**Q** 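The structure under discussion is supplied below as structure tokens; questions concerning it will follow.
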2 protein chains.
Amino acid sequence: MNFSDTLERMIRKFERRAPLDDSDRAALRSLPFTRRTASARSFIVREGSSPDVSCLLLSGYTFRQKLTGDGGRQIVSFHLPGDFMDLEGSLLSCADHNIQALTRVDYAAVPVRHILDLIDNHPRLARAMWIDTLVDASIYREWVLNVGRRNARERIGHLLCEFALRLDLAGLGTTHGYQCPMNQEQIADCTGLTPIHVNRTLKAMEAEGLIRRHLRFIEIPDWKHLREASGFDDTYLHLRQVGEPVVNHHVSRTRGSQTGANNNSVSAQTSASARSGERPGPA
Amino acid sequence: MNFSDTLERMIRKFERRAPLDDSDRAALRSLPFTRRTASARSFIVREGSSPDVSCLLLSGYTFRQKLTGDGGRQIVSFHLPGDFMDLEGSLLSCADHNIQALTRVDYAAVPVRHILDLIDNHPRLARAMWIDTLVDASIYREWVLNVGRRNARERIGHLLCEFALRLDLAGLGTTHGYQCPMNQEQIADCTGLTPIHVNRTLKAMEAEGLIRRHLRFIEIPDWKHLREASGFDDTYLHLRQVGEPVVNHHVSRTRGSQTGANNNSVSAQTSASARSGERPGPA
DNA sequence: CGAATAGTTGAGGACTATCAAAAGTGGTGG
DNA sequence: CCACCACTTTTGATAGTCCTCAACTATTCG
């Protein structure tokens, strides 16, 4: 995989987060790094360690996972080419999770001290990176919701939707279809299910016409249908993040009762919905 | 609640994240704000909005939640006094979740533009805040694991352990006991369970001697016992984060097979554990 | 005291896990 | 080109955790 193409893609990604200038871009382009390869399943960062490099993914896929004491594995996020995996490794003193290669991967390992220099000397860049980690946090929140409050079909459908959009953005697929980066066991570890149940649910979704499958290729005949069946709403990916925050007037949610202004203010609440905690009843 | 006491507590919290100097502390102390109150259950930030203030919690508890299309509610995190809730509201253009008061709360609302000024003019402070959001992200990862791969008893026990440590740190409880900030329905929404099952599980845990309850007060007769029964390991809270990252030699995990160095490097893998993805078998 | 919120209990059912094994896929070497 | 091996996907049968519905009790607060 071409390093500078991927670097440029990453720069464009950061520019969607915050405005950069020429010196910021130049600093990114001149980052020292060593090129590394890892085979599928090998560990790139281990829980408990303090890595001395942060890694820009060049080709292939990686994921982050945590284990329970009795061996249950939960995948908590995944990364595609152009992602800076493990930026937090430069700022936190101890890794709280493992990063593992999903496929054979190429990546550029950048010494932590150069990342720290970058942060110190390029505030705009630091802000773009910070925002990037905030978007990651938003994705974690959605995953908590996904495994916590959705059934198997919705969980898997939601994951397939996220794959579609993120692969599309990286030029590796479309919302009509893509080569799924994960096998069924890994999908199970993303969704908190067993591989057997993932298999059955995928088959059921195919029977319903939500998806079609050709080996590992996922085809989505009706994007809107899959989205709605999965409760998928892409807001949490913050795809249209545009640098500076803007004034408050795009409330484009389909769901929910956006009653206009926030009720940040003092005032005791009396409306029924407020008293019930605004949890809408079952549909 | 005393504003300046809470502010000082927040400053100390940031100083655990990154070193600050006098001008940083002075800048925090001179932040302009408006004092606000919100009653239990009222919304402080609404999904889809772009708040123009960020909020420092002074007294009471708040939580973040997301809803599924059919009304399921998932709490994704909670906040105690001294926390800057919704720092990301200053950097992301659209809120992806709701922030709601758990109890009656007092908070200080700081206009976003002053937060942005702070970030621009106080790089050390910006880094401390960034690290704080990275710790939040780490907590989300643990919550994904919690709802994805643990049973009801472990999920609830894990949450009770997290309460204990965080309340302890805030001076609002100890690992021997504390006033639980949440009722059983809210615990259910944190753990992806129903309130009925939470009730039964709490009773079972009490029968086992893992906890004792006096109304909303949780007593923990044997901290180690509860921790182990819940698979709780506080690494993910990054309590001992010490500013600058340190060199790599504290591998103090009890669990897991830390085989020393990372295998970041090239090399095809051949060992059995690597091929199996290093997922330990059931205990 | 009465209304509202929170906690408790029971019975039955649904979703998902577990155990076991067969069939399909892909790569390797003779 | 085929046999062989590892891995992945698929299928069946059974069990269990957790949910749903419904009602009852305890606690809080005006």
Side-chain angles (χ1 to χ4, degrees), chain A residues 39-41 68 70-74 102-104 147-156 179-189 191-207 211 213-218 268-272 274-277 279 281-283, chain B residues 39-41 68 70-73 102-104 147-156 179-189 191-207 211 213-218 268-277 279 281-283:
Chain A
S39 56
R41 291 193 178 77
T68 60
D70 52 341
R73 181 171 75 167
Q74 178 70 41
L102 190 52
T103 59
R104 180 176 188 79
V147 294
R149 285 291 182 215
R150 286 199 257 254
N151 64 27
R153 207 174 58 120
E154 294 167 325
R155 286 187 215 182
I156 294 170
Q179 190 68 24
C180 184
M182 290 186 180
N183 65 27
Q184 294 178 5
E185 182 176 17
Q186 291 150 350
I187 292 174
D189 284 339
T191 50
L193 301 165
T194 56
I196 291 124
H197 199 60
V198 167
N199 180 277
R200 291 182 170 135
T201 308
L202 281 172
K203 287 205 66 177
M205 291 173 76
E206 189 166 21
I211 55 172
R213 296 178 300 157
H214 317 84
L215 300 182
R216 195 72 71 81
F217 189 89
I218 300 287
Q269 293 217 344
T270 47
S271 84
R275 297 196 72 80
S276 72
R279 182 205 298 251
Chain B
S39 55
R41 292 197 177 77
T68 60
D70 52 339
R73 181 171 76 168
L102 190 51
T103 59
R104 181 176 187 79
V147 293
R149 286 292 182 215
R150 286 199 256 255
N151 63 28
R153 207 176 56 123
E154 295 167 325
R155 286 187 216 181
I156 293 169
Q179 190 68 24
C180 184
M182 288 186 183
N183 64 28
Q184 294 179 2
E185 181 176 18
Q186 291 151 351
I187 291 174
D189 285 337
T191 50
L193 300 166
T194 55
I196 292 124
H197 199 60
V198 168
N199 180 280
R200 291 181 171 138
T201 307
L202 280 172
K203 287 206 69 179
M205 292 173 74
E206 189 166 23
I211 56 173
R213 298 178 300 157
H214 317 85
L215 299 181
R216 195 72 71 82
F217 189 88
I218 300 287
Q269 293 217 342
T270 47
S271 85
S273 72
R275 298 198 70 81
S276 73
R279 182 207 298 252

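Please read all numbers here as calculations on a predicted model, not as lab measurements.
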**Q** Could you state the CG-P distance from Asp189(B) to dC19(D), rounded to the nearest angstrom?
**A** 11 Å
**Q** With heavy-atom distances below 4.5 Å as the criterion, would you say the side chains of Arg155(B) and Thr201(B) are in contact?
**A** no
**Q** Under 4.5 Å between any side-chain heavy atoms of Asp189(A) and Arg149(B), yes or no?
**A** yes
**Q** Residues in side chain to side chain donor-acceptor pair (under 3.5 Å) with Glu154(A), at least two apart?
**A** none
**Q** What is the distance, rounded to the nearest whole Å, between atom NE2 of His197(A) and atom C1' of dC19(C)?
**A** 16 Å
**Q** Holding to side chain to side chain donor-acceptor pair (under 3.5 Å), I want the full list of residues that pass it with Arg153(A), two or more places apart in sequence or in another chain.
**A** Glu208(A)
**Q** Let me know the distance between CG of Asn151(A) and C1' of dA17(C), rounded to the nearest Å.
**A** 16 Å
**Q** Rounding to an integer number of Å, can you tell me how far Arg150(A) CZ sits from dT16(C) P?
**A** 13 Å
**Q** Of the candidate nucleotides dT18(C), dT16(C), dT28(D), which contains the atom at the shortest distance from the side chain of Leu215(B)?
**A** dT28(D)
**Q** Please tabulate, one pair per line, each protein N/O and nucleotide N/O from nucleotides 6-9 of chain C that are separated by under 3.5 Å, including the distance.
**A**
| from | atom 1 | to | atom 2 | distance (Å) |
| --- | --- | --- | --- | --- |
| dA6(C) | OP1 | Arg41(B) | NH2 | 3.1 |
| dA6(C) | OP1 | Asn183(B) | ND2 | 3.3 |
| dA6(C) | OP2 | Arg41(B) | NH2 | 3.2 |
| dG7(C) | OP1 | Arg216(B) | NE | 3.3 |
| dG7(C) | OP2 | Gln184(B) | N | 2.9 |
| dT8(C) | OP2 | Gln184(B) | NE2 | 2.8 |
| dT8(C) | OP2 | Asn199(B) | ND2 | 2.4 |
| dT8(C) | OP2 | Arg213(B) | NH1 | 3.3 |
| dT8(C) | O5' | Asn199(B) | ND2 | 3.1 |
| dT9(C) | OP1 | Lys203(B) | NZ | 3.0 |
| dT9(C) | OP2 | Lys203(B) | NZ | 2.3 |

**Q** What pairs with Gln186(B) under side chain to side chain donor-acceptor pair (under 3.5 Å), at least two apart in sequence or on another chain?
**A** none
**Q** Can you find a heavy atom in the side chain of Gln74(A) that is under 4.5 Å from one in the side chain of Thr68(A)?
**A** no
**Q** To the nearest 0.5 Å, how far apart are CD1 in Ile156(B) and CZ in Arg150(B)?
**A** 12.5 Å
**Q** May I have the distance from Ile156(B) (atom CD1) to dC18(D) (atom C1'), rounded to whole angstrom?
**A** 11 Å
**Q** Let me know the distance between CG of Leu193(A) and C1' of dC18(D), rounded to the nearest Å.
**A** 14 Å
**Q** Give the angle between the helix axes at the two ends of the helix from dC1(C)-dG30(D) to dG30(C)-dC1(D), taking five base pairs at each end and rounding to 10°.
**A** 40°
**Q** Between Gln179(B) (CD) and dT28(D) (P), how many Å, whole number?
**A** 10 Å
**Q** List for me each residue that meets salt bridge (charged side-chain N to carboxylate O under 4.0 Å, His left out) alongside Arg213(A), sequence neighbours excluded, and say none if there are none.
**A** Glu206(A)
**Q** Where is the tightest heavy-atom contact between Ile187(A) and Cys180(A), given as atom of each residue plus distance?
**A** CD1-SG, 4.3 Å
